[in-house]
Protein chains: 2
Amino acid sequence: MARPRQALLTKERIVEAAAALIDAEGLDACSMRRLATELGVQGPSLYNHFATKAEIVDAVAEVVVAQVDISVFHGNDWREALRLWAKSYHAVLAAHPNIVPVLATGPGRRPAGLAMAEAVYGALIDAGWSRARATHIGALMRYLITGSALGSFALGFDADPELYDHYPHLHRAHELAAHRDAVDEGAFQLGLDLLITSLSDRYDLGVRR
Amino acid sequence: MARPRQALLTKERIVEAAAALIDAEGLDACSMRRLATELGVQGPSLYNHFATKAEIVDAVAEVVVAQVDISVFHGNDWREALRLWAKSYHAVLAAHPNIVPVLATGPGRRPAGLAMAEAVYGALIDAGWSRARATHIGALMRYLITGSALGSFALGFDADPELYDHYPHLHRAHELAAHRDAVDEGAFQLGLDLLITSLSDRYDLGVRR
DNA sequence: ACCTGAACACCGTTCAAGT
DNA sequence: ACCTGAACACCGTTCAAGT
């Protein structure tokens, strides 16, 4: 088969398969040859639709970020909007943890990433925050959200239990994995709550630096 | 040359060269063959000293984390200790940003990582925080520190300036890169300040959940 | 226009062969 | 014990050849 009259591939099919592969087996498993096999095609065929592998991965990142709900910035107080957006973003990344490293470096040229940055920054500016502070708050939220999505804290203590016996306070660290949700979600919720509450306090004081 | 009477390689030399290579050109550039070349040796020779590439990268992570100052947990109020430790950790990661993805998934079996977890958690327990809350606070700090170290927020808007013209509030986003330090450091400092201040408030209220 | 096989310059890792 | 060359099964990407 050289060229079928009906194209075998489309950008959409490629991105869909890449997203599934990344979700199921991680970024490393998503090689051009492997992805092509998944699509019933040979590796080089993908280059008829995307110039590089990075473009494919970027397109996956785009569809993931597009799932974040940014409609909450309309009709909500900035505090509530920020909280709802952060929870939505957090939930989307929890569902697609393997793509997080790609998002953690910024919006790039991705429309959904830029639309999200615009919505967050615009809402803070409209609420009266200075441009410098609005930028800081936006950055800070990304730090918390991507930092928490990058790797489970609870699952980070997955060595053999005996290892932790050498550390007076860590001797039960291996039990964290069994309470993964309570640990990881609890930490994120605490962080979000602390940040928004204390930002709100400063705002009410009229600091608005 | 088959076997020199004086070994050409040592674990220390390998880790030192790997750290330099990762700092200078990133994790991807640190391949076994490239690293071996840097050491004047052939690729497979490295396997006489480390079982896998992951072990080498882990050893680099260890020496980086070992630079974080955890002595601050002695003789300081928990608030001040947490602040000083976070600043030290942040500064170390800022000096070695390319290794951050390796640390972001937890301490693993690395002595320095475990000693740091022990120091942070122990200090929070000794201050009176419950085990659940101390865990949350520890996780939260890692989220902020690794999240901020993973990628500059300011440099994330590095597309051509025209791209941002389509977004009402982002039209000056390309100027962020010129103020990278003020943006990135300001956001981190703000986050650290907000978190510790608001934790302190809850602590003084006697919540200590 | 779009898919293919062959090729290039890389990977991590294994292993028998050398001293 | 420690370094080597050759090999295996992979990478991302290019390109001439096919329809």
Side-chain angles (χ1 to χ4, degrees), chain A residues 1-62 98-99 101-102 105 108-110, chain B residues 1-62 98-99 101-102 105 108-110:
Chain A
M1 165 213 323
R3 166 162 129 80
R5 68 188 57 185
Q6 174 72 9
L8 294 176
L9 297 176
T10 62
K11 281 188 177 241
E12 286 69 28
R13 278 197 68 219
I14 294 170
V15 173
E16 189 182 4
L21 193 47
I22 290 170
D23 279 345
E25 305 187 35
L27 269 175
D28 288 346
C30 187
S31 72
M32 296 301 264
R33 285 174 178 84
R34 173 74 191 281
L35 177 57
T37 301
E38 220 78 30
L39 288 159
V41 106
Q42 298 299 318
S45 303
L46 298 169
Y47 290 90
N48 287 297
H49 303 269
F50 289 95
T52 61
K53 178 183 172 176
E55 274 189 19
I56 297 179
V57 172
D58 217 52
V60 172
E62 168 69 12
N98 295 334
I99 198 71
V102 180
T105 55
R109 322 182 42 85
R110 297 186 295 273
Chain B
M1 165 212 327
R3 168 163 127 80
R5 68 188 58 185
Q6 173 72 9
L8 294 176
L9 299 176
T10 62
K11 281 189 177 238
E12 286 69 29
R13 277 197 70 218
I14 294 170
V15 173
E16 189 183 4
L21 193 48
I22 290 170
D23 280 345
E25 305 187 35
L27 269 175
D28 287 345
C30 187
S31 71
M32 295 300 264
R33 285 173 178 85
R34 173 72 192 282
L35 177 57
T37 301
E38 220 77 32
L39 288 159
V41 108
Q42 298 298 319
S45 302
L46 298 168
Y47 290 90
N48 287 296
H49 302 268
F50 288 95
T52 62
K53 178 183 173 176
E55 273 190 17
I56 297 178
V57 173
D58 216 51
V60 172
E62 168 69 10
N98 295 334
I99 198 73
V102 180
T105 55
R109 322 182 41 85
R110 296 186 295 274

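Convention: sequence-line order gives letters A, B, ...; per-chain numbering from 1.
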Atom [atom1] in [X], atom [atom2] in [Y]: separation rounded to 0.5 Å?
X: A/E38; Y: A/L21; atom1: CD; atom2: CG; result: 5.5 Å
X: B/E16; Y: B/L39; atom1: CD; atom2: CG; result: 9.0 Å
X: A/C30; Y: A/I56; atom1: SG; atom2: CD1; result: 7.0 Å
X: B/L9; Y: B/N48; atom1: CG; atom2: CG; result: 8.0 Å

Exercise. Could you give me the CA-CA distance, side-chain angles and deciding distance for A/L35 and A/L46, then say whether side-chain contact (heavy atoms from CB on, under 4.5 Å) is met?
Key: CA-CA 9 Å; A/L35 177 57; A/L46 298 169; 4.2 Å; yes
Could you tell me how far apart [X] ([atom1]) and [N] ([atom2]) are, to the nearest whole angstrom?
X: A/L39; N: C/dT4; atom1: CG; atom2: P; answer: 11 Å
X: A/R34; N: D/dT13; atom1: CZ; atom2: P; answer: 18 Å
X: A/R33; N: D/dC10; atom1: CZ; atom2: C1'; answer: 8 Å
X: B/K11; N: D/dA1; atom1: NZ; atom2: P; answer: 15 Å
X: B/M32; N: C/dT14; atom1: CE; atom2: C1'; answer: 12 Å
X: B/Q42; N: C/dT13; atom1: CD; atom2: C1'; answer: 15 Å
X: B/L35; N: C/dC10; atom1: CG; atom2: P; answer: 16 Å
X: A/Q6; N: C/dA1; atom1: CD; atom2: C1'; answer: 12 Å

Quiz item: Should D/dT19 form a Watson-Crick or G-U wobble pair with both distances under 3.5 Å, which nucleotide is its partner?
Solution: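 C/dA1 is the nucleotide pairing with D/dT19.
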Quiz item: Under a 3.5 Å cut-off for both distances, is D/dA6 Watson-Crick or wobble paired, and to whom?
Solution: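 D/dA6 is paired with C/dT14.
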Quiz item: Tell me, which of residues 43-55 of chain A have any heavy atom that sits under 4.0 Å from an atom in DNA chain C?
Solution: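 Result for residues 43-55 of chain A: A/P44, A/S45, A/N48, A/H49, sorted by number.
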Quiz item: A/S45 side chain to A/V41 main-chain N or O, any donor-acceptor pair under 3.5 Å?
Solution: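 No, the answer is negative, given that no donor and acceptor are paired below the 3.5 Å cut-off.
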